[in-house]
Amino acid sequence: MKEILIINTRRMGDIYAMVPLLIALKNKNPNCKITLFTFDETKKCAHHLDCIDSVATLDRLHFLTLKKSEIYSKAFALDFLYDSVGPLIESHWDLVVNYSNDSFSTYLATLVTNTNYFCGIKYDIETGTLTSSSNWVSTFNEYATTTPFSFVHTVDFFINDLGLNQSLEKYNPFRTSPSLDKQAEISFQKIKTLEKETGRNVLLVGIQFKTSRKEKDINYNLATEIINEILESKKFYPIIITAPSEEEKEIAKKLNSYFNNRLVIVECDLFGLPSILKSLDYLICPDTAVKHMADLCNLPTVELSLGPSPIFKQGSRNEKSIVLSDDVWSRNFSSKLEKNNPTSISAKDVMAALLLISTNYLDTSVLSTTNTNFFRPQNTNFGVIYKLIAGKRESYKEISMAVIRKYCVETFEGETTKLDLEEFSSKETLQWAKSQMSNLALALKDILNILRSLKLNERGFIKNLDDLLNRNNEFMISTISIALFKFKLENMINDGVAVNQIKIEKELFHLKTQIQFATVIAKELIATHNLSGLYEESRNY
C-alpha cells in the first residue's frame, strides 16, 4: 500500500486525536505516503505531524461565501470546489479513509475512492444509498455518534475496521525544532535547580485553561484555586501555558497579578507546544487539542472533562492519565450548554488526581466528599476504554458498556473475550441480567410481530417496526444489532415490493439470530458469575 488519503474535516483536536490511526498505518505500511484532506483553518495542525506526508485543503469559508452569495452564480462555488478537490479525484489512492463521516466528507470520499480498499462510509453512485466498510464503522456511524457513552474511543473504530495494531511506542509524531526542544529542557531544568537549592525537588505541572468553546474552559475561579493548591504543595511547581492570543494573554496577566507575579507563564504556538510538553512532568487541562498533543508526547494528564466533552469517545488515551467529570451518568452533554456552566470538580479533586498519577496514592479523604467521577484510560485489544476508579457508580450502565463491547468483538471479529466485572456485586450483576433478558424477550417478540405482519401484508408492519426501534436504547445488548438493522433498512435499494419483502425478511431473521446471541451472552454472564440459583429464585419469587 503506497498512497493513502485521510479525510478529516473536523476540529484541530480531532486531527491530533486520529494520529494513533496514522501511526498504526505507518507501522503496518512503512513505505506508504499519507495525504490528509482538511479545511484551511486546521491545516496548521497537520504541518508539524511527521506521520502526514502531504496536506490538501479547502478554504471552507471562501467556498461558503461563494455558495451563499446572491450576486454570483453558484457555478463560481463549484469551480472553486473542484479546483481544491479535483487533484484528489484524479489521483489514484490505495486506501481512502473517511474519518469525519459527515455529509461533506462522505460525498468527497465517494468521488475520490477508486479502489475497493476503503474505510468509513460513502455513497453508492448508482443507487445513492450509503455503504459502510464494516460493522465497526456502521456501529460508529449509527451508535457512537448518537450517545456520549461509546464503548471504545472514536479512533479505535477505524483502527479495528482496518485490522491494525495500535502502538505509539518508538514513534515521535511531531516535527519539532531541536533548538526549541533544547531551550525548553534547559529553561525548565533551571527552575528545578533553583527550587532544589531551597530544599524542594519539584515536578513541573503545565496548566492550560482555554479551549475553542467557553463551556469547556476551566473557569477563572477554579484556575486560581488549582494554582494555589499547587503552589502550597512541596511536590509540584506550576507552569502556565497560553496560546499567543490577546484573550489568553489577558487571562494569564490577570492570574499572574492575583499571585503577585509569582507565576511562570509560557506563551507558545502549536509548533512550539510539543517542545514544552516533552519537558514537563504532568499536565492539567480541559478537553482541547493540547490534551491530544500531550497523549502523543506520552505526558500524563489530569483532564477536566467539562461541557459537551464526550469522555468515552475523545478522552485522554494515556494509561497514566486521569479524566475528571461531574457525575457522568447524569451529566448534560448538550452542545447548547451555557458558557459559564457550573462544575462540581474542585481544586482538591484535581490535586487528588495529580497525586494519584505521580504516586499511585488515592486520597480517600477527598474522594469521600466529592461528587466527581475519576476515570483512568485502559488499553484493551480492541481499543481504549475508561475505568471508573472513584465517584458515583451506575452499575447497570457500566455493565452494559462492557457487555456491548464483548458482543461487538465476538460478532465482528469472531473472538471470545472475557468480562471483568469484579467491581460489581452479585446483586448488581443479577439485576442487570434480569433486565436485559426481559428487554431481549420483548425485542424478539417485536421481530416475530414484524415478520408476521410482513408475511400477511398487514398494516401493522410499520407500527411493529416502530415498536422495535423505539424500544431500543443505548444500554441494551441488542442496541448494536438493531442499529445495524436500521442502517441496512434505510439504505436498502428499492427493487420492488416483492424483492424488498424478501430482503427485509432476510435481515429480520439475521437480527433475530443476533438478539438470540445477545441472550446467550446474558445467560453466560449469569452462569459464569454463579448466579443461576439466584436467577431462578428471583423468577419464582
Side-chain angles (χ1 to χ4, degrees), residues 10 14 17-18 21 97-103 105-106 119-122 129-162 308-315 328-329 331 333-335 380 382-386 394 396-413 417 432 435-436 439-440 443 446-447 465-466 468-492 507-508 510-515 517-519 521-522:
R10 297 182 187 173
D14 296 291
M18 75 165 181
L21 168 64
V97 178
N98 175 11
Y99 189 81
S100 298
N101 271 16
D102 56 28
S103 56
S105 65
T106 302
C119 173
I121 58 171
K122 63 178 181 176
T129 58
L130 278 176
T131 61
S132 169
S133 55
S134 77
N135 282 332
W136 282 109
V137 170
S138 295
T139 300
F140 171 73
N141 195 59
E142 296 297 312
Y143 173 78
T145 56
T146 63
T147 172
F149 302 106
S150 176
F151 56 88
V152 290
H153 199 283
T154 292
V155 71
D156 294 315
F157 285 96
F158 295 87
I159 290 174
N160 290 332
D161 176 277
L162 292 167
S309 306
I311 294 173
F312 303 108
K313 292 193 281 190
Q314 292 281 33
V328 73
W329 313 111
R331 184 172 143 193
F333 288 93
S334 170
S335 58
T380 70
F382 293 94
V384 171
I385 64 174
Y386 296 85
E394 281 281 354
Y396 183 87
K397 295 178 181 179
E398 292 179 69
I399 295 172
S400 291
M401 290 172 68
V403 179
I404 289 171
R405 182 164 51 251
K406 172 184 171 69
Y407 170 85
C408 287
V409 170
E410 294 193 1
T411 55
F412 298 170
E413 303 292 335
T417 61
W432 178 88
S435 175
Q436 288 288 328
N439 286 332
L440 291 168
D446 289 335
I447 292 172
L465 185 61
D466 279 344
L468 175 67
L469 298 180
N470 292 331
R471 200 188 308 281
N472 194 33
N473 71 67
E474 59 198 341
F475 295 110
M476 283 175 60
I477 318 179
S478 57
T479 186
I480 304 300
S481 53
I482 293 175
L484 295 180
F485 167 75
K486 183 183 176 186
F487 178 79
K488 292 175 182 177
L489 205 63
E490 289 175 342
N491 292 284
M492 192 172 285
E507 291 300 334
L508 283 166
H510 178 70
L511 175 60
K512 178 173 172 285
T513 302
Q514 294 303 101
I515 290 180
F517 177 66
T519 306
I521 291 179

So do [Y] and [X] actually touch side chain to side chain, heavy atoms under 4.5 Å?
| X | Y | result |
| --- | --- | --- |
| Arg405 | Ile385 | yes |
| Arg10 | Thr154 | yes |
| Leu465 | Leu489 | yes |
| Asn135 | Asp161 | no |
| Ile399 | Val403 | yes |
| Leu162 | Leu21 | yes |
| Ile311 | Val328 | yes |
| Ile515 | Ile447 | yes |

Search all heavy atoms of [X] against all heavy atoms of [Y] and return the closest pair with its distance.
| X | Y | value |
| --- | --- | --- |
| Cys119 | Ser133 | CA-OG, 3.5 Å |
| Arg331 | Pro308 | NH2-C, 4.4 Å |
| Ile521 | Glu410 | CD1-OE1, 4.4 Å |
| Lys397 | Trp329 | NZ-O, 3.4 Å |
| Phe158 | Asn98 | CE2-O, 3.5 Å |

Legend entry - Aromatic ring pairing Tyr407/Phe517, orientation class (parallel under 30°, perpendicular over 60°, tilted between): tilted

Inset, instruction - Classify the angle between the aromatic ring planes of Phe140 and Phe157 as parallel (below 30°), tilted (30 to 60°) or perpendicular (above 60°). - result: tilted

To the nearest 0.5 Å, what is the distance between [atom1] on [X] and [atom2] on [Y]?
| X | Y | atom1 | atom2 | result |
| --- | --- | --- | --- | --- |
| Asn491 | Ser132 | CG | OG | 9.5 Å |
| Ile159 | His153 | CD1 | NE2 | 9.5 Å |
| Ser138 | Asn101 | OG | CG | 9.5 Å |

Inset, instruction - Would you please say whether a donor-acceptor pair under 3.5 Å links the side chains of Trp432 and Glu398? - result: no

Inset, instruction - Would you check, one step at a time, whether the test side chain to side chain contact (heavy atoms under 4.5 Å, CB included) holds for Leu130 with Lys122? - result: CA-CA 6 Å; Leu130 278 176; Lys122 63 178 181 176; over 6 Å; no

Could you go through residues 142-152 and list every donor-acceptor pair under 3.5 Å that involves a side-chain atom there, pairing it with any protein atom two or more places apart or in another chain?
unit_1	atom_1	unit_2	atom_2	d
Tyr143	OH	Glu474	O	3.0
Thr145	OG1	Asn141	O	2.7
Thr146	OG1	Tyr143	O	2.8
Thr147	OG1	Phe149	N	3.0
Thr147	OG1	Glu474	OE1	2.3
Ser150	OG	Val152	O	2.7

Donor-acceptor list for residues 475-488 side chains, cut-off 3.5 Å, not counting sequence neighbours:
unit_1	atom_1	unit_2	atom_2	d
Thr479	OG1	Asn472	ND2	3.4
Thr479	OG1	Asn473	O	3.1
Ser481	OG	Ser478	O	2.9

Inset, instruction - Report the C-alpha distance between Gln314 and Asp14 in whole Å, list the side-chain angles of each, state the deciding distance to 0.1 Å, and finish with yes or no for side-chain hydrogen bond (donor to acceptor under 3.5 Å, both in side chains). - result: CA-CA 9 Å; Gln314 292 281 33; Asp14 296 291; 2.7 Å; yes

